Number of protein chains: 2
Amino acid sequence: MDLISGARAFVAVARRQSFSAAARDEQTTQPVISRRVAGLEAQLGGALLERNTRQVRLTALGTALLEHVQALLGAERSLVDAAASHHRGTVRLLVPRDLDPARWAALRLRARGAGTDLDIEEAGRELRTLRFRLGEADAAVLPVETARADWVVPLGLAQVTDRRRPLSLGALRPTRALGPKAASNLLVLAEDASGQLLSALRESAAASGLAAHQVHESPSVVSALAGALAGDDWILCTREQASAWRLQWFEVPELALTRAYRLELRTPDGRQLFNPALRRDIAAALGANREEQP
Amino acid sequence: MDLISGARAFVAVARRQSFSAAARDEQTTQPVISRRVAGLEAQLGGALLERNTRQVRLTALGTALLEHVQALLGAERSLVDAAASHHRGTVRLLVPRDLDPARWAALRLRARGAGTDLDIEEAGRELRTLRFRLGEADAAVLPVETARADWVVPLGLAQVTDRRRPLSLGALRPTRALGPKAASNLLVLAEDASGQLLSALRESAAASGLAAHQVHESPSVVSALAGALAGDDWILCTREQASAWRLQWFEVPELALTRAYRLELRTPDGRQLFNPALRRDIAAALGANREEQP
DNA sequence: CCCAGTTACGGGGCTCGTAAAAATA
DNA sequence: TATTTTTACGAGCCCCGTAACTGGG
């Protein structure tokens, strides 16, 4: 019995809660699904599904193993995808979310001009690191400590405001007149919400007299923008992001926070593809002024 | 053609650089290996191996895909292992390295007394997190921020010394009499070598007048102990580790560094296994004084 | 010419789809 | 009883091992 066929059948049945529906999904007949699942169960030494004629449910073993089986199918998909992309000469690059798509499109165009199909995919910080490690991409722009960075992007605070003077953290202090409801929050985007940055930020905030709850992670750009467009909250972001979102951006010297990125490559032969011109495009997309000198 | 059979054959040939040797390893005949590799190559759309009658070498595609194929086999192994351990009622726990093995043995014994076979495996900080996420263990003692921690272990500095007075960082300042060669180094073990801790430590060290190069990561406990036993270097470690290694341990108030751990569980039904008694054993193994109150 | 990998070939096992049986609400 | 899964069964395919073939050093 083919383990992978069994795995596909099992996952399909678990998803649809039905052998018949799974058979339709898998383009085969229902007895085949039944036998494949039975074969997988035999190999794993126990029932994965509890079948009544009315409903199908996962057993304890099935619950425990479902994600392992999905991981196996993920590894298979990853292998086949890698082979296909190698065949097409495609290089898969993982980049941060919430940056200017046009910049990434420009990067893709320049790579195509150099004869390479660069497949750019946006992903969150954690997922980018994980997926690159799992081999689902050939290259990734990953957060690193400043010393190892290829690009360093300064962060500031952005809001819709008519303020002209420089901004300092103290200006976000809650005032009695406004009341606790109207306190300005300092919103950290998912891309920056690492423990290290958050703790550093909370420390600076506390030193400037801000309350602990004023600094918090924003679940999405949309929710963050809601507060910033209303003139209530301040978003921690780059100058380019603020500009794209039509916000005023202020450097805050007390913060001195940055995003530090490095281009990580799976194989060393990607070095020739990512030449200085492409790296400048990446810098532009990230909002970095210049490339770091290693 | 079975993808996994092909994968096993390919990896075996790549390892042994020979179809015949791979056939012996895989307990089958050489033509079978040949066909399985050919089948995998057909599925992936290109040659993985370059065969001369004298030598076998990886092609570019083979090089690019080898680790993906190994990942696939790893996922299969992981699935089968998880099924087997579930069947035996085994719970697999990943714990930090370089702690007292006897403490972990005591934990294992207590779990066995409660009717559970607890399979304890030591692994480095990064690998522990990665392997737990990949589902290669049911539970893991992972580093987290202090606020979420189940256990917090204070760190101090240890060395062979006859010093009786309290230690301060300034005592490690290089003196002209000793010369640059004889400067005391502050060694950080792999378990603590996170960017966050290292940067905090370097900052404290600089504030006490230490040179930047005096703080560095130690590749292994053995190499760290060589310096500490000679009375030259100071190891950053817990009181229990210092005691096991026959070193004198000093709390350094200027540092206030800790290891903060949390027991992460794959399935919520592990909560009843890891009762307060087992958690106390884990605390003892980690060198924590007491369990944190969440 | 030798050695290692590939191809040929007959046998057997395994999986397939159709159809009938079984099981449960 | 009705619906869904399992089992039965013949057909065909695919994989296996043995043995002959091929090709490079």
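In what follows, every chain begins at residue 1, and chains take the letters A, B, ... in the order their sequences are listed. What you see is a predicted model; the values in this text were computed from it and never measured.
- Nucleotide dT6(C) holds its P atom 13 Å from the CG atom of L40(B), rounded to whole Å.
- Salt-bridge check for D138(A) with R92(A): passed, with a basic side-chain N closer than 4.0 Å to an acidic carboxylate O.
- The interatomic distance linking D2(B) (CG) with dC14(D) (P) rounds to 14 Å, in whole Å.
- Between the side chains of R88(A) and T90(A), at least one donor N or O sits under 3.5 Å from an acceptor N or O.
- Geometrically, R266(A) engages F132(A) in a cation-pi contact defined by less than 6.0 Å to the ring centre and at most 45° from the axis.
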- Item | Base-contact (B) and sugar-phosphate-only (S) positions in nucleotides 17-25 of chain C, heavy-atom cut-off under 4.0 Å, - elsewhere | BBB---BBS

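- Straight-line distance from the CZ atom of R24(B) to the C1' atom of dG5(C): 13 Å, rounded to whole Å.
- Look at R36(B) and E26(B) and you find no salt bridge, because none of the NZ, NE, NH1 or NH2 atoms lies under 4.0 Å from a carboxylate O.
- Between I33(A) atom CD1 and dT7(D) atom C1' the separation is 17 Å, expressed in whole Å.
- In this structure, the CZ atom of R57(A) is 15 Å from the P atom of dT5(D), given to the nearest Å.
- Side-chain atoms of T129(A) come within 3.5 Å of backbone N or O of R125(A) as a donor-acceptor pair.
- Within the structure, every side-chain polar atom (N or O) of S34(B) is placed at least 4.0 Å from both OP1 and OP2 of dG5(C).
- At whole-Å resolution of the value, CZ in R8(A) and P in dT15(C) are 15 Å apart.
- Remark: P of dC16(D) and CD of E26(B) are 12 Å apart, rounded to the nearest angstrom.
- Distance, E50(B) CD to dG5(C) C1': 14 Å, rounded to whole Å.
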